[in-house]
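In listed order, ligands and their atoms are each counted from 1.
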Amino acid sequence: MGSVAPQIAELDGSKFNITRSTNLRDVPLPGSPEEMSHSYCTDHMVSVRWTAANGWETPEVKPYGNLSIAPTASCLHYATECFEGMKVYRGYDGKLRLFRPDCNGERLNTSAQRSSLPGFKYDELKKLVAKLMEIDGPRWLPKERTGSFLYIRPTIIGNGPHLGVQVPKEALLYIIAVPWPDPSKLKKEGQTEPSKGLKLFGSTPDTIRAWPGGFGWAKLGANYGPSLQAHGKAQALGFDQILWLFGEDRQVTEAGASNFFIIWHNAETGKLELVTAPLENQLILPGVTRRSVLELVRDRLSENFVGKLAPLDAVERTLTIGEIEKAAKEGRIIESFVSGTAYFITPVAMIRSNDTDISTLGPDGEAAGYAAQIKSWLEVIMFGKEEHDWAYVVEEEKQ
Ligand SMILES: *Cc1c(COP(=O)(O)O)cnc(C)c1O
């Protein structure tokens, strides 16, 4: 006799149990110690329990607070954890917007499954985030603070208490929102003049971030802990980020938790190209910002001049540090930058690899201006200066 599979519930972002905070927190000012702490969250959080037996329970909105989990919890021992990083933007028209939230939903769903956690219908995530912002948005991103944002961290953990090595039978999806310093307004200690860009330290063969068949392409906590030591060492040497290299041929994959781009004249054809590592071999995280940069360049810069900027071919292919070094020697590099939600679009000034310093600025020691143009196109969409289907407007509660 075959048994009927039990009905397990899908994640549903349209129904909530809501418990309001009765003890509202002070909203920190931009640049305040609370904001700089990267740990001071808004008044509420979203929380959704999952069990293997019943599936996803009704999402809750509740006061922000600590979690209580068993010391034996799966995530604490077996790294059953994945997360997303997104932002909510206070537009110049006073509206709140998310940027391509379905891309984050899709990625969280694939990350969850890669870390043995339950998947979900990806477009439900934006509804959960929107609910949190409907409630906390009006106080935490006041209408008059146009051009500001909060960082949003959706997370899934295996929180069941089973110490046996097995697929989690219980999980928790939660979403918190954090005031976050604006990366464009951050100044480094002791810095007198504005820097021309990040200094990247090429990783050494004993620290490999991602490998074929691994999980570097998913946003799992397991990718980050082991990489922080190399990052710390690079910072102690005065660098901003690690540039993750892979393989005997030292392929350039990505930088820190950002995707890496270089603009140069092709060695054979002389054509101007924007080059970034490909997704197919699964060595990089498929950034939402990366995808948006490529789409904007293909859409707006492939044929026409934009101001002084000449047309560019956007190319996704394996590139090596040797090629970058050669291009620098031959004066073919125009500009380089990294992309990601947290630190947005940031120019790269130089790379150190094997004791060699390579400048990634243009021949005149300046960036050509592509990164600035792409950044401005993205900001226009995020902050609602242009209607665009990448922006998702959050309806807020009346105060
Ligand atoms: C999050 C992340 C990125 C950037 O992705 P976005 O979706 O653009 O924020 C790039 N690389 C790594 C390793 C990351 O964790």
Side-chain angles (χ1 to χ4, degrees), residues 38 79 81-89 98-112 114-115 122 125-126 129 149-156 175 177-178 180 182-183 198 200-201 203 207-211 214-231 234 240-246 251-262 274 276-279 281-297 314 316 336-346 348 371 374-375 377-379 381-382 390-392:
H38 299 87
E81 192 266 4
C82 61
F83 64 95
E84 267 307 315
M86 34 203 307
K87 282 177 176 167
V88 59
Y89 304 89
L98 304 173
F99 181 74
R100 310 189 82 175
D102 281 336
C103 296
N104 298 95
E106 234 176 316
R107 192 169 64 189
L108 186 62
N109 177 41
T110 49
S111 295
R114 188 65 185 86
S115 47
Y122 70 83
L125 183 74
K126 70 167 179 280
V129 172
F149 59 83
L150 297 171
Y151 184 77
I152 297 178
R153 175 53 64 88
T155 311
I156 309 180
I175 306 172
V178 198
W180 197 265
D182 187 338
L198 300 175
L200 304 182
F201 187 85
S203 64
T207 37
I208 299 172
R209 198 197 82 91
W211 48 88
F215 45 87
W217 55 272
K219 231 169 162 71
L220 312 189
N223 280 318
Y224 300 85
S227 75
L228 298 178
Q229 196 187 25
H231 177 67
D240 298 290
Q241 290 291 349
I242 293 276
L243 180 65
W244 296 107
L245 305 177
F246 176 79
Q251 297 169 27
V252 174
T253 62
E254 56 184 323
S258 308
N259 294 113
F260 176 85
F261 293 83
I262 191 151
L274 169 76
T276 195
L279 301 181
N281 54 10
Q282 300 196 324
L283 294 179
I284 63 163
L285 204 284
V288 177
T289 325
R290 171 190 181 279
R291 175 173 166 179
S292 307
V293 167
L294 290 171
E295 289 175 13
L296 284 174
V297 167
E316 294 165 79
S336 172
F337 61 93
V338 296
S339 78
T341 300
Y343 295 98
F344 203 26
I345 306 282
T346 311
V348 174
I374 295 166
K375 185 175 169 192
W377 279 334
L378 288 168
E379 278 171 340
I381 298 171
M382 290 161 172
W390 289 350
Y392 177 80

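A 4.5 Å side-chain heavy-atom check between Asn104 and Val129 finds every atom pair outside the cut-off. Here the side chains of Trp390 and Leu296 are in contact, with some heavy-atom distance below 4.5 Å.
In this structure, Phe83 has its ring center under 6.0 Å from that of Tyr224.
Of the options Trp180, Tyr343, Phe344, a ring pair (Phe, Tyr, Trp, His ring centres under 6.0 Å) to Tyr151 is made by Trp180 and by none of the others.
Salt bridge annotation for Arg209-Glu254: present, with a cationic side-chain nitrogen under 4.0 angstrom from a carboxylate oxygen.
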What does the N/O contact table under 3.5 Å look like for ligand 1?
unit_1	atom_1	unit_2	atom_2	d
ligand 1	7 (O)	Arg107	NH1	2.8
ligand 1	7 (O)	Arg107	NH2	3.0
ligand 1	7 (O)	Val288	N	2.7
ligand 1	8 (O)	Val288	N	3.3
ligand 1	8 (O)	Thr289	N	3.0
ligand 1	8 (O)	Thr289	OG1	2.6
ligand 1	9 (O)	Thr341	N	2.8
ligand 1	9 (O)	Thr341	OG1	2.6
ligand 1	11 (N)	Glu254	OE1	2.5
ligand 1	15 (O)	Lys219	NZ	2.7
ligand 1	15 (O)	Tyr224	OH	2.3

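Contacts of Ala234 classified as side-chain contact (heavy atoms from CB on, under 4.5 Å), with partners at least two apart in sequence or in another chain: Phe201, Phe239, Ile242.
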